[in-house]
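Values reported hereafter were calculated over all heavy atoms of this structure, with side chains retained and with hydrogens, waters and symmetry mates removed.
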Amino acid sequence: MYAKVIVDVPAKQTNRAFDYEIPAALRKWVEVGSRVGVPFGPRVLQGFVVELLEETQMDTKRVKPIQSVLDLVPPLTEELVGLGRWLSRMYLCHEVTALQAMLPAALKAKYERAISLGDESGEQSLLDLPDLQEIVAFVRAKGTVPMETLMERFENDGSLIKQLLSSGILMEAQMVKDRMTAKKALTVFPPADGRSLEEAVGMLPARANKQQDVLRYLIEHPHAIRLTELMEAVQVGAGTVKSLADRGWIELREVEVMRDPYAGRSFARTKPLPLTEEQSSVFGEIRSAVAERRHEVFLLHGVTGSGKTEVYLQSIQECLDQGREAIVLVPEISLTPQMVERFKGRFGDLVAVLHSRLSNGERYDEWRKITRKQVKVVIGARSAIFAPFTQIGLIIIDEEHESSYKQEESPKYHARDVSVERAKQHNAAVVLGSATPSLESIQKTMRTGNGEKPPYRLLTMKERVAGRPLPTVSIVDMREELKNGNRSMFSKSLYKAIEERLQKKEQTVLLLNRRGYATFVMCRTCGFVSTCPHCDISLTYHQSSRMLRCHYCGYAEREVKQCPNCSSEHIRHFGTGTQRVEEELGKLFPGIRVIRMDVDTTTEKGSHEKWLTMFRDKQADVLLGTQMVAKGLDFPDVTLVGVIAADTVLNLPDFRSAERTFQLLTQVAGRAGRHEKLGEVFVQTYTPEHYSVQCASRHDYMAFARHELDIRANLDYPPYHRLILITFSHEEVPLLVRSAEAFVTRLKELAQEQMNRPVDLFSNMEPSSESFSMDVLGPVASPISRIKDRYRFQCVVKYRGEAQASELVGRTAQWFEERSAKEKLQISVDVDPQFLM
DNA sequence: AGCACGCCGACT
DNA sequence: GTCGGCGTGCTC
């Protein structure tokens with residue numbers, strides 16, 4: 001038997017399967033998906049088996065044998081191995097990178113070089129050197145010594161050791177090890193027949209009280225027990241138990257244990273709640289797809305507080321009743337203990353939780369519960385989409401519009417797209433839930449001109465549970481405030497509203513809408529922001545050159561001192577900090593208790609949780625923060641939400657800025673008045689007439705979506721066209737520019753070849769035409785123009801039609817890497833980027 | 001990614 | 001004449 005193995009070297013030249021022989025002894029352990037140690041050149045590497053082969057016409061002389069199998073159960077299923085290939089093609093990464101991404105970090109290979117004594121009959125003359133004698137003596141005493149220890153012990157450049165190795169006096173062996181091992185605990189086993197324990201009590205010396213206690217305890221509780229628990233229960237030391245084991249009365253062994261992050265916490269079991277009419281009609285649709293084992297993608301558009309989670313829970317129950325498994329993805333930020341509690345409460349020990357706050361060991365153990373079939377439901381952040389289940393019936397993606405479902409490192413996958421791909425393989429249903437669905441998803445629920453069935457099905461929940469109304473949203477025009485002489489960051493109405501809550505002892509959430517590094521320039525009198533005449537996005541201010549620049553096409557203009565629109569001189573560079581808001585709050589409302597949540601205050605582990613608990617316990621009047629306060633919070637006493645400046649996201653140089661603004665405003669407004677008390681929302685803005693602000697204030701998602709889709713269609717942006725972002729980096733700009741331009745030229749050449757006809761790539765693409773079309777923008781300097789002393793340039797490929805473009809870009813990238821490898825040029829490709837920066 | 005092989009400058 | 005620079009190519 002032979003195996004095709006992908007080795008752990010993420011490089012162009014090794015991005016293929018290598019053939020290995022499977023030794024007879026390992027035959028029954030090696031399967032597709034096994035992790036193996038294989039000799040590769042002079043070393044031993046970790047690899048993944050992707051195919052099994054019978055003895056065929058292959059060149060058997062050149063194959064080496066697999067050295068070891070690293071897991072008892074293959075960590076990947078055949079389906080996941082196939083998914084790895086799909087990922088590598090779709091997102092243009094090395095296959096091993098894709099496979100690695102599907103495993104917990106604990107299974108990342110660790111390589112160890114061990115030195116042992118070799119053939120001492122070698123060149124004995126070498127041993128005349130005292131230094132060498134010393135080393136050999138050290139190795140002889142130890143048996144095997146890790147290379148690192150030897151290097152440390154004999155401070156040396158390693159040349160002596162190298163000499164000994166090449167002469168054969170010392171030998172080197174390489175091993176593949178796990179970064180993390182299963183945790184072990186000493187466990188006490190009583191002998192199989194209870195009788196001998198009784199016997200033992202009599203045979204012990206009368207004064208061996210403690211040992212007798214232990215035995216009596218074990219007679220009463222005749223099952224295996226952890227040593228630490230036994231010591232606790234009988235109040236004895238480890239020595240007492242050990243001596244019993246030495247006499248052979250009991251057995252003491254190391255047993256693998258699971259680290260349970262939720263150990264000692266009990267979750268109150270909950271029963272399914274009665275569903276509203278809307279909920280049950282939505283549930284009915286999902287249930288029938290699950291029951292019929294039909295692959296279908298549902299987009300569940302439910303307003304904030306409409307009870308989506310209960311629908312998820314009951315749908316999962318249906319899936320479990322079918323004997324199948326379910327995956328639930330949640331944005332990292334909202335994977336709070338409350339969220340976990342709801343799932344553990346309903347499904348108990350059948351749930352595994354995967355999130356980034358777990359230690360590597362904890363995550364590994366949660367993950368092993370899946371491979372061991374101990375759980376049926378996984379709830380987790382992005383990477384939980386790779387849970388190694390074999391019978392998936394349902395995949396749920398909550399808050400599907402969240403950009404955190406896109407991984408920023410290679411493989412730059414989008415969990416939403418991966419979920420659909422996996423669901424197809426399993427004939428499973430997918431539920432994408434959101435109060436503000438992404439335009440990509442909503443567009444997929446719509447009928448296209450050619451009358452085909454749309455790929456996704458839209459389900460809607462318009463009402464909050466228990467008939468609670470959505471909060472009223474007031475738009476505050478900050479230009480008016482300025483005219484009336486209010487230069488503070490709080491409008492009169494927001495100020496009054498906060499004051500009122502302080503008196504009524506109700507709580508306020510304040511959102512400072514700030515993201516990214518890009519600063520934009522705006523007129524404070526009329527709200528005018530300079531935009532690019534070709535791209536319809538706002539220009540970014542570059543401090544160094546004092547220029548306004550477009551990041552998509554490179555257009556630039558001089559910084560303005562006077563507003564081109566109204567001639568006002570109140571031009572401001574935006575980018576306000578939460579600290580400043582906090583200070584001003586303190587001045588306006590002496591004694592106000594504010595909890596500030598931003599990147600500065602939430603880096604520490606568990607701090608995020610701590611602040612929210614404090615706020616819940618009413619130890620503060622105001623929760624002030626960035627985007628993170630907008631998501632999923634549910635506090636009964638919050639009756640006021642204020643958005644300090646809605647425009648900061650709106651004016652980012654990104655075609656998705658209107659979408660992000662609408663989402664953020666809708667989500668944060670959803671935080672108010674979720675319980676008995678009514679909610680009120682104030683949105684401060686310099687562009688009150690903007691449709692994203694207007695639609696959010698009316699809670700009108702569909703109106704927003706229609707308007708925005710129109711704009712996207714006209715400007716050839718997603719979801720009608722797809723994008724690929726290619727970033728080049730190098731220490732020197734001229735070389736970088738030349739290379740990036742060469743790349744673009746080559747890509748266009750290939751595209752023309754492919755289309756087999758001369759194509760004017762820059763002609764307007766007719767949205768109605770059937771064929772593949774493509775446009776390349778740039779190269780231009782990246783918005784972050786230098787990182788770690790490397791300059792960055794980027795270009796954007798816009799295309800429509802099948803995945804040909806990503807294949808073309810892949811081929812161009814390969815060509816590029818071949819010719820520029822030595823120049824230390826780096827290239828990074830992002831298919832369907834979330835941010836063009 | 002590593003590592004060996006191989007073809008041209010500055011030294012005993 | 002040799003030691004060593006890192007360009008090129010391979011790893012089942």
Distances for protein N or O near nucleotides 2-6 of chain B N or O, under 3.5 Å:
from: B/dG2; atom 1: OP1; to: A/R43; atom 2: NH1; distance (Å): 2.9

Mind calculating the distance between CG (A/D8) and C1' (C/dC12) to the nearest angstrom?
16 Å
Please report the distance, rounded to the nearest Å, between NE2 in A/H94 and P in B/dA1.
8 Å
Let me know the distance between CZ of A/R16 and C1' of C/dC12, rounded to the nearest Å.
7 Å
Please report, rounded to the nearest Å, how far the C1' atom of C/dC12 is from the CG atom of A/L53.
12 Å
Can you name the side chain to side chain donor-acceptor pair (under 3.5 Å) partners of A/Y91, sequence neighbours left out?
none
For A/F743, enumerate each residue passing the ring-ring contact (aromatic ring centres under 6.0 Å, His included) test, keeping only those at least two apart in sequence or located in another chain.
A/F728, A/F816
Taking only residues two or more places apart in sequence or in another chain, which ones pass side chain to side chain donor-acceptor pair (under 3.5 Å) with A/R416?
A/E400, A/S438
Neighbour count above 12 (heavy atom, 6.0 Å) for A/R89 CZ
no
What's the CG-C1' distance between A/L45 and C/dC10, to the nearest Å?
13 Å
Check the distance between C/dT11's P and A/K12's NZ and give it to me in whole angstrom.
14 Å
Starting at atom CZ of A/F18, determine the distance to atom P of C/dC12, rounded to an integer number of angstrom.
7 Å
Between C1' on C/dC10 and CG on A/N15, what's the gap in Å once rounded to a whole number?
16 Å
Contacts of A/Q834 that satisfy side chain to side chain donor-acceptor pair (under 3.5 Å) - sequence neighbours left out
none
Can you give me every donor-acceptor pair (side chain of residues 95-107 of chain A, partner residue at least two apart or in another chain, under 3.5 Å) with its distance?
from: A/E95; atom 1: OE2; to: A/R85; atom 2: NE; distance (Å): 3.3
from: A/Q100; atom 1: NE2; to: A/D8; atom 2: OD1; distance (Å): 3.3

